[in-house]
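Quick notes on the structure that follows.
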Amino acid sequence: MTSDPRIPRSASVSPVEKAELRQRLLAARRALDPATRAAWDRAIGDQVVAWWRAARPAALGVYWPLRDEPELHPAYVELARLGARLLLPVVVQKDAALEFAEWRIGETMVKDKMGVAVPADLRLAAAYPPALLVPCLGFNQQGYRLGYGGGFYDRTLARHTPPPRTLGIAYQCLRVLFAGDSHDVALDRIITE
């Protein structure tokens with residue numbers, strides 16, 4: 001599938017244009033047909049499982065979907081069945097890097113003060129995961145992601161030494177042209193449907 005023609009193609013994006021681009025990308029993602037989205041989510045999840053089988057990282061940072069992000073819970077169930085250690089991101093401070101909590105499929109979840117689901121029995125991991133699934137609102141050809149503007153993943157990726165392997169998760173129709181900012185870290189790979 002090609003990119004959405006309603007989404008601007010500017011290579012250099014000002015902060016105001018970036019905010020407008022985020023709104024357009026959110027609207028485009030929200031407008032996707034539910035059956036199409038479900039099929040794409042399965043295709044993305046299958047690729048994530050195949051990647052994990054080949055890479056076998058000691059732990060994998062996953063995400064709980066927000067704002068129509070790809071829903072990968074069936075893939076998470078399969079990963080757990082295969083023995084993957086799954087961690088969910090946790091916002092511990094507004095302007096800090098993310099921390100990660102141990103997560104077991106089916107455990108009780110609560111929403112944190114940012115409205116993100118976290119395990120009710122919060123067990124922060126001692127070490128960052130060596131691999132992360134990073135949800136993308138949009139992405140470009142160079143592997144840079146556009147998120148919601150909070151900078152949580154930017155700070156997280158900048159903090160790691162060595163950096164984790166990063167797999168951006170997005171729908172192909174949300175690929176856009178934009179220049180990465182100086183603080184952006186390119187993702188290792190973008191997985192789409």
Side-chain angles (χ1 to χ4, degrees), residues 7 15-16 18-34 36-38 40-42 44-45 48 59-77 79-80 84-126 128-129 131-139 144-160 164 166-171 173-174 176 178 181 183-185 187 190-192:
I7 298 171
V16 170
K18 199 175 261 191
E20 291 170 358
L21 179 57
R22 283 186 178 100
Q23 291 307 311
R24 289 189 184 112
L25 290 167
L26 281 166
R29 193 165 66 187
R30 191 174 30 253
L32 292 172
D33 172 69
T36 299
R37 182 196 317 266
W40 289 355
D41 292 352
R42 280 190 303 278
I44 292 169
V48 168
L60 178 61
V62 298
Y63 66 90
W64 196 273
L66 300 170
R67 302 170 96 178
D68 303 307
E69 290 171 343
E71 166 58 79
L72 302 182
H73 280 83
Y76 298 163
V77 169
L79 289 168
R85 181 174 160 236
L86 304 177
L87 305 174
L88 284 172
V90 177
V91 175
V92 292
Q93 190 175 323
K94 187 176 186 225
D95 294 321
L98 295 166
E99 296 293 333
F100 289 85
E102 300 283 346
W103 178 49
R104 291 182 304 271
I105 302 293
E107 75 178 290
T108 302
M109 304 294 285
V110 296
K111 290 200 175 182
D112 67 10
K113 53 188 161 191
M114 299 288 290
V116 178
V118 296
D121 177 19
L122 194 62
R123 302 166 313 279
L124 292 179
Y128 274 51
L132 291 176
L133 301 185
V134 182
C136 304
L137 176 56
F139 66 99
Y144 291 102
R145 73 182 278 276
L146 187 65
Y148 303 120
F152 292 106
Y153 278 100
D154 293 328
R155 287 187 295 275
T156 301
L157 296 177
R159 174 177 158 176
H160 283 30
T166 51
L167 297 130
I169 304 297
Y171 298 124
C173 63
L174 301 179
V176 292
F178 64 90
D181 291 328
H183 64 271
D184 288 339
V185 176
L187 303 174
I190 305 288
I191 296 180
T192 70

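Nothing fancy with the numbering, it's 1 onward along the sequence.
Atom-to-atom distance recorded for Leu137:CG and Leu21:CG is 7.5 Å, nearest 0.5 angstrom. Summarising the geometry, atom OH belonging to Tyr144 is positioned 11.5 Å from atom CD1 belonging to Ile190; distances are rounded to the nearest 0.5 Å. For the atom pair CE (Met109) and CG (Leu122), the distance works out to 9.5 Å, reported to the nearest 0.5 Å.
With contacts defined as side-chain heavy-atom distances shorter than 4.5 Å, the pair Cys173/Leu32 qualifies. Here the side chains of Ile105 and Leu86 are in contact, with some heavy-atom distance below 4.5 Å. Looking at Val176 and Arg24, their side chains never come closer than 4.5 Å, going by heavy atoms from C-beta outward. Side-chain atoms of Leu157 and Pro164, non-hydrogen and from C-beta on, do get closer than 4.5 Å to each other. At a threshold of 4.5 Å between non-hydrogen side-chain atoms, the residues Cys136 and Leu187 count as touching. Residues Leu72 and Ile169 are in side-chain contact: their nearest non-hydrogen atoms beyond the backbone lie under 4.5 Å apart.
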| request: Please test Val48 against Ile191 for side-chain contact (heavy atoms from CB on, under 4.5 Å), starting from the C-alpha separation and ending with a verdict. | output: CA-CA 8 Å; Val48 168; Ile191 296 180; 4.1 Å; yes
(Q) Show, in sequence, the C-alpha distance, side-chain angles and deciding distance for Trp64 and Glu69, and conclude whether the side-chain contact (heavy atoms from CB on, under 4.5 Å) test is met. (A) CA-CA 9 Å; Trp64 196 273; Glu69 290 171 343; over 6 Å; no
- After noting the C-alpha distance and the side-chain angles of Arg145 and Thr166, does the key distance pass the side-chain contact (heavy atoms from CB on, under 4.5 Å) rule? CA-CA 11 Å; Arg145 73 182 278 276; Thr166 51; over 6 Å; no
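Under the side-chain hydrogen bond (donor to acceptor under 3.5 Å, both in side chains) rule, Tyr171 has a single partner from Asp68, Thr36, Asp41, which is Asp41.
Here the closest heavy-atom approach between residue Val92 and residue Ala97 is recorded as CG2-O, 4.4 Å. Between Pro129 and Leu87 the shortest heavy-atom distance is CB-CD1, 3.7 Å. For the pair Gly138 and Leu25, the tightest heavy-atom approach, listed with the atom from each and the gap, is CA-CD1, 3.9 Å. Taking every heavy atom of both residues into account, Tyr128 and Leu98 meet most closely at OH-O, 2.6 Å. Closest non-hydrogen pair, Val185 versus Ala158, comes out as CG2-N, 4.4 Å. Nearest heavy-atom pair, Leu132 versus Leu60, reported as atom, atom and distance to 0.1 Å: N-CD1, 4.2 Å.
Remark: the backbone N or O of Glu20 is not paired with any side-chain donor or acceptor of Gln23 at under 3.5 angstrom. For Arg37 (side chain) and Arg29 (main-chain N/O), a donor-acceptor pair under 3.5 Å exists by modelled atom type. In this structure a side-chain-to-backbone donor-acceptor pair under 3.5 Å is present from Arg123 to Glu102. Not one N or O on the side chain of Tyr76 forms a donor-acceptor pair closer than 3.5 Å with the backbone of Gly45.
Cation-pi check for Arg155 over Phe152 is met; the charged atom lies under 6.0 angstrom from the ring centroid and within 45 degrees of its normal.
By the side-chain contact (heavy atoms from CB on, under 4.5 Å) test, Pro74 pairs with Glu71, sequence neighbours left out.
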